[in-house]
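To start, the structure itself, in structure tokens.
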Amino acid sequence: MKISVRNSAPYFPIAVNMLETFGNMFTDAAAGRGNANVWHFGSMTCVTHKQGEPAHRRESWYAVSAHGDRFITPHSPVEGLRRRKLSFLPVVAQAVANVAPAGAMSVIPALIFPGLVLGSARPNLALTFGAAMAVVILVSFCLRPMAKRMAAVSGLYSYTAKGLGQRTAITAGWSAIFGYGLVAMASLLAVGTYVVQLLINLGVAFADPRIFTVLVILAAAGAACFLMIRGIRVSAWSTLLMESISIGILAVLMIVYFAVNPPTVGLGSVFAWNGDFDLLSIGIVVAISAFVGFESPTTLGGEAQKPFVSVPRAITWTPILAGVLYLLAATAQDVALKEAPLDITGSSTPLSDLFSQTSPMFAAVLDLGIAASWFACAIASVNALARIFFCMGREGVAPRTVGRTHPAFGTPSTAILAVMPVVALVPIVMVISGTSPVQGLANLFTLGAYGYLGSYIFASASMPFFLRRIGEDTYASWILGAATSLALGAVLWTAAAVSLHTGNLQTLIYGGVLLASVIFATYLRLRLPERLASVGIYDETRQLDLFQGEPIP
Amino acid sequence: MNYRYENRGPSTTSNPLRILEVVARLGTGTTAKEVSDALQMPPATAYRVLNALVGDEYLARTSDLRGFALGHAISGLIAAAAPPTVPAAARAVIDAFRSGNRFAVHLIMFRNAALRIADEDPDYPLQSASEMLRYPHASAAGKLMLAELGDSASALPKGPLMKLTEHTIVDKRRLEEVLAEIRIKGEASEINELEQGSARLALPVRRPNGSVGAALCLSGPSERFDTVCEHAEEARQLASGLAPFLF
């Protein structure tokens with residue numbers, strides 16, 4: 001029997017051991033100590049098997065079937081995650097939190113306003129959000145058939161691997177990681193900004209709010225890290241709680257605000273159409289970025305209780321729910337901000353500035369709600385990111401160590417610990433370097449949106465190929481796949497054109513990421529084809545999922 | 001067998017069941033195309049129903065995602081519906097016991113908190129068999145099973161206990177007392193409770209782990225129940241002899 005060197009501890013770099021120790025610090029003394037000798041190294045579990053035979057040690061992780069050469073594989077390639085334990089609500093929470101409707105509701109319109117000069121020719125908010133919602137729903141229709149057929153742990157990355165192939169999947173995966181990563185960074189920056197704003201509204205004076213912002217970001221990153229490693233259930237339920245609090249606060253405040261200050265502007269002007277298609281198309285790009293993240297439950301296929309029901313349901317309903325909330329909020333804000341002084345519409349936190357006109361207490365509560373929403377968004381984004389990264393580690397197209405899971409909590413702890421410092425560092429550097437929060441948020445979100453859009457295009461285009469590969473394609477799937485990827489392509493093209501036109505580097509940065517991923521995929525193709533071939537692992541059916549042949553006594 | 005779609009009529013309720021039947025017949029790895037061909041069902045319908053069945057885990061997709069296999073959720077249906085099988089060796093032992101006695105000897109198995117008739121006495125068939133299966137509180141074997149379950153309420157139908165004869169125990173507190181007694185004695189008896197004029201004695205057949213998995217049921221007319229009970233020790237030995245054949 002071959003024994004992999006990977007099983008012997010001395011071969012792990014010291015840094016990894018340190019990471020592991022750090023991860024284990026979260027293990028409280030009692031929890032999981034009983035099975036402290038059970039170590040999950042990838043798909044290998046170093047314990048003796050039930051029958052008493054010596055532990056079966058696989059030489060490498062990538063040998064596990066992404067090829068589907070057997071009907072039922074004895075070992076799941078994503079073994080080590082806590083399987084099929086997450087009920088429906090936390091799965092939806094993952095999607096809702098990643099979309100962060102409460103946060104996006106209050107920030108995105110603000111991003112549309114200053115970005116496109118105010119005045120007569122600003123895009124119609126309701127129409128913009130309506131069109132964006134339509135595009136996003138098309139995407140969710142493309143993802144649904146795949147989510148119903150495959151319990152993906154790495155979301156759109158593995159869908160693309162089964163559809164357009166493994167090399168394209170590398171690009172889609174990098175694109176998705178880029179998107180999740182930047183949105184997580186932006187979320188942490190938003191948490192810092194809004195918590196400081198909250199304290200300012202409460203009357204706390206800061207000599208230099210930047211230091212405090214950095215501390216808040218660090219604390220938020222630490223807390224998020226703890227929750228994520230502690231378990232997917234803990235982190236998903238806490239995001240659900242945060243998100244409900246923030247949506248509740250926002251809804252109540254909006255109602256109270258309008259009760260106190262009845263609008264004098266007719267509602268008709270909100271829906272007025274100014275006939276400018278250019279502005280509309282740019283607005284749609286920004287509005288779509290308010291929906292991104294709805295697909296993140298596709299990374300919970302292994303952990304959700306009934307993944308083939310809950311994941312498709314979550315990705316179908318989240319954009320609809322978020323869209324309705326946005327349409328309401330956009331309309332309300334349009335009315336509210338129309339009467340507001342110009343300096344408020346140009347602010348980075350327009351809503352809370354608006355409310356602080358009425359009462360600073362109001363504004364503080366609102367800031368709390370929005371900060372909670374962004375905190376949840378940071379958790380959800382990194383949860384999704386870490387699972388993609390984890391799968392890449394298992395497949396061998398990322399460092400192998402990130403393919404390890406926490407022995408007690410069943411989370412991709414190494415991947416989370418590897419990702420989180422980077423995610424926290426960027427906003428901290430931005431704060432210290434004195435970037436204005438509004439500019440920083442706008443840049444991070446837009447860049448992140450590129451990443452998401454890119455992965456959506458790949459995944460939507462993959463759908464009919466995925467279905468054909470398993471012999472279940474229909475005419476409708478080809479039409480839907482083509483229409484959606486064309487619509488998304490048009491959106492991305494518009495964004496890129498505007499970005500290039502205004503001399504913005506965003507398109508170039510994202511283009512650079514894509515190019516790097518293509519080069520990496522080509523390198524894999526030429527040098528490590530067996531690793532590339534293993535791309536596309538997912539939570540495969542196991543023996544215990546099948547009818548056992550004998551009735552339960 | 002005819003699996004033609006038209007003959008049975010397209011029906012949303014029966015489609016899933018027919019698809020399950022096809023997958024069970026063709027075995028692990030049956031593809032969606034094969035299912036739709038076998039049932040002459042439109043492919044889109046077949047895909048939709050298959051995905052719904054996979055969602056509820058009645059079916060599972062194989063690793064290549066093309067094929068299907070029966071999922072674990074179906075074991076409930078199969079376990080509940082399939083009659084228990086009794087090995088020939090066990091039958092022979094029971095038949096030997098039957099031939100020496102002038103009362104009925106039945107073997108009744110417990111499955112998912114319900115009774116299943118495993119081997120019925122051919123000479124003295126079970127009277128009111130359906131009632132016995134439906135109302136475990138009224139029969140000896142049923143009470144033995146209820147005593148074995150920690151939570152007897154889960155095995156009983158909701159609402160008040162059914163009064164089959166005037167002797168049937170309908171008071172839940174009284175039933176709990178009787179069950180406690182059964183747990184101590186390790187046997188259950190019933191006179192005129194299920195059916196006027198008949199009485200039964202149920203003896204446990206134990207699994208290797210000690211839990212009761214079946215009941216050996218001796219049954220005779222109420223007035224001759226004492227004679228039946230005289231054979232209890234003999235029957236108890238038979239029950240422990242049967243266990244290795246059954247479990």
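The chains referred to below are lettered A, B, ... by the order of the sequence lines, with proteins before strands, and numbering in each begins at 1.
- Using a 4.5 Å heavy-atom cutoff, the side chains of A:R149 and B:Y47 are in contact.
- More than 12 heavy atoms of other residues, nucleotides or ligands shown are found within 6.0 angstrom of CZ on B:R236.
- Within 6.0 Å of CZ in B:R98 there are more than 12 heavy atoms belonging to other residues, nucleotides or ligands.
- Taking every heavy atom of both residues into account, B:H72 and A:L544 meet most closely at CB-O, 3.8 Å.
- Among the candidates B:L70, B:I74, B:L65, the residue making the largest number of heavy-atom pairs closer than 4.5 Å to chain A is B:L65.
- By the 6.0 Å contact criterion, CZ on A:F141 is open, its count of non-hydrogen atoms from other residues, nucleotides or ligands being 12 or less.
- Options A:M150, A:R469, A:E472, A:K306 differ in how many heavy-atom pairs under 4.5 Å they form with chain B, and the most are formed by A:E472.
- No part of A:Q543 comes within reach of chain B, as not one of its non-hydrogen atoms sits under 4.5 angstrom from that chain.
- Atom CZ of A:R84 sits in a crowded spot, with more than 12 heavy atoms from other residues, nucleotides or ligands closer than 6.0 Å.
- Comparing A:A151, A:P145, A:G471 by heavy-atom pairs within less than 4.5 Å of chain B, the highest count is held by A:G471.
- At most 12 heavy atoms of other shown residues, nucleotides or ligands fall within 6.0 angstrom of atom CH2 in A:W317.
- For A:D473, the part sitting under 4.5 Å from any heavy atom of chain B is the backbone (N, CA, C, O) and nothing else.
- Minimum interatomic distance between B:V54 and A:F308 (heavy atoms only, all atoms of both residues): CG1-CD1, 3.6 Å.
- Listed here is the closest heavy atom pair of B:A60 and A:L546: CB-CD2, 3.7 Å.
- Between B:D64 and A:F71 the shortest heavy-atom distance is OD2-CE2, 4.2 Å.
- Both the backbone and the side chain of B:T28 come within less than 4.5 Å of a heavy atom in chain A.
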